[in-house]
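Below is one structure, written out as structure tokens; comments come after it.
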There are 2 protein chains.
Amino acid sequence: MVSPSTPPRISLPPGVQRDVDKVVETIVYLYTESRRLTKEVARASNLTGPQLTVVKMLHHLGDLSLSALSDRIRAGNSTVSGIIDRMEREDLVRRVRSKEDRRVVHIKLTDKGRALAESVPIQPMEIFQAAIASLDGEEMTTILRILLKLAGRVDELVKATTPTTPSETP
Amino acid sequence: MVSPSTPPRISLPPGVQRDVDKVVETIVYLYTESRRLTKEVARASNLTGPQLTVVKMLHHLGDLSLSALSDRIRAGNSTVSGIIDRMEREDLVRRVRSKEDRRVVHIKLTDKGRALAESVPIQPMEIFQAAIASLDGEEMTTILRILLKLAGRVDELVKATTPTTPSETP
DNA sequence: TCAAAATGATTCGTATACGAAACAACGCAT
DNA sequence: ATGCGTTGTTTCGTATACGAATCATTTTGA
């Protein structure tokens, strides 16, 4: 996981640039530290981070198709397919073909998987959530507002710099 | 390593929980989207995201030891060692043993690597930085303050739940 | 209707990512 | 100085992660 602290290329006042870098650095820190913590919690149950996330998610939401799972955990189908392979090998989940649409595969927790989900007391990301929850109401509202604004700006900039799909034929 | 002594349990009002989730979701979004963009920029130069980051970093800071590089990009030595392997294979960097401390390996850009660094116009994370820089001064100060508070809280909670190094013999 | 486009999932190749083990070189204490 | 713990790096095994290609099954459109 690479988190660059980039040298300034956009021209900004040095003080502002310092703040920008610090914001990037802190967001990266929060993200990576949270993943590390999830991994650590998972380890206690002989699971990987993503596997714990999947187990908890299926336990909370019930069966999901592979694509639905991919969307939820923000990973590609091929990635999740591999994760499910390994979980199936460990008898944590089963693949069941859908009757309605035979392209679809439902991922179901096995008894072992369910037991495991219930045995892990804390949620992935719980420490992160606890830290956020410790903010007072006004801070919470404010940071959420600014973060959403940031996300919106990123979206705009991406759309602005990414032209329409080129028509290429290799 | 056995079960944690007192797993932290939090119960929150539903409204607050929704905000907490949204904050987590947005931070994850900002991070993953930024990485995706870095990767996309890198692709245009036949590089991977991390490789572009390394090239830009060496160009900006000069030679670095492998450990120094690892610290900068927040990745383990073994990860960076692999990245450097592949970059060396592509003649982008060279490994040079330090004369002063023969354990140390300095990573140096080759001419080809330097040319590539200069040919890529934008920095990794630049879109992310631009979005942050578009905040007004007060928002910037505020989000930085709250993010730092969050990072501090996470640190405290981690220290609280991670006991001192146990004396174990596997 | 029926071929073509679209969708859901898997497979493959490659690149992170990380912890543990191995190894060499350094440095400190006695 | 010698022993021994520490440090810097690499190697190994395993698990993500993703894009491209593939396959089977819908769905669409003329």
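In what follows, every heavy atom counts, from backbone to side chain, and hydrogens, waters and symmetry copies are set aside. We name chains A, B, ... by the order of the sequence lines, and we start the count at 1 in each one.
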Contact under 4.0 Å: A/Arg86 side-chain N or O vs D/dT16 OP1/OP2: yes
Distance, rounded to the nearest Å, where B/Leu52 contributes CG and C/dT16 contributes C1': 15 Å
Whole-Å gap separating P (C/dT16) and CZ (B/Arg74): 19 Å
Side-chain ion pair, B/Glu40 and B/Arg43, N-O less than 4.0 Å: no
Side-chain N,O (B/Arg89) to OP1/OP2 (C/dT14) below 4.0 Å: no
Atom pair distance, as rounded to whole Å: NZ in A/Lys99 and C1' in D/dT25: 16 Å
Among C/dT16, D/dT16, D/dT10, the one nearest A/Pro50 by side-chain distance: D/dT16
Nucleotide D/dA15, atom C1' - distance to CE of A/Met87 in whole Å: 13 Å
Minimum-distance nucleotide (side-chain atoms of B/Leu66 versus D/dT10, C/dT16, C/dA15): D/dT10
Ionic contact status for A/Glu118 with A/Arg114, cut-off 4.0 Å: no
Euclidean distance, atom CG of residue B/Asp85 to atom P of D/dT9 [Å, nearest integer]: 13 Å
Length of the CZ-P vector between A/Arg35 and D/dT16, whole Å: 10 Å
Phosphate contact (D/dT7 OP1 or OP2) by B/Ser67 side-chain N/O below 4.0 Å: no
A/Ile27, A/Asp21, A/Val20 screened by side chain to side chain contact (heavy atoms under 4.5 Å, CB included) with A/Val23, the one that passes: A/Ile27
Sugar-phosphate only, base, or nothing, as touched by B/Gly76 at under 4.0 Å among non-hydrogen atoms: sugar-phosphate
Position toward the 5' end of DNA chain C (nearest nucleotide), B/Glu90 or A/His106: A/His106
Of the listed nucleotides D/dT16, D/dT9, C/dT11, the one nearest the side chain of B/Asn77: D/dT9
Qualifying residues under side chain to side chain donor-acceptor pair (under 3.5 Å), relative to A/Lys149, sequence neighbours excluded: B/Glu139
Short N-O contact, A/Arg95 and A/Asp85, less than 4.0 angstrom: yes
For atom CG of B/Asn46 and atom P of C/dA15, their distance in whole Å: 11 Å
Base-contact (B) and sugar-phosphate-only (S) positions in nucleotides 19-25 of chain C, heavy-atom cut-off under 4.0 Å, - elsewhere: BS----B
Close side-chain approach of B/Val105 to B/Ile107, heavy-atom, < 4.5 Å: yes
B/Asp71 CG to D/dT7 P, straight-line distance once rounded to whole Å: 13 Å
Pair A/Lys108 + A/Asp63, salt bridge at N-O below 4.0 Å: yes
Sugar-phosphate only, base, or nothing, as touched by A/Arg97 at under 4.0 Å among non-hydrogen atoms: nothing
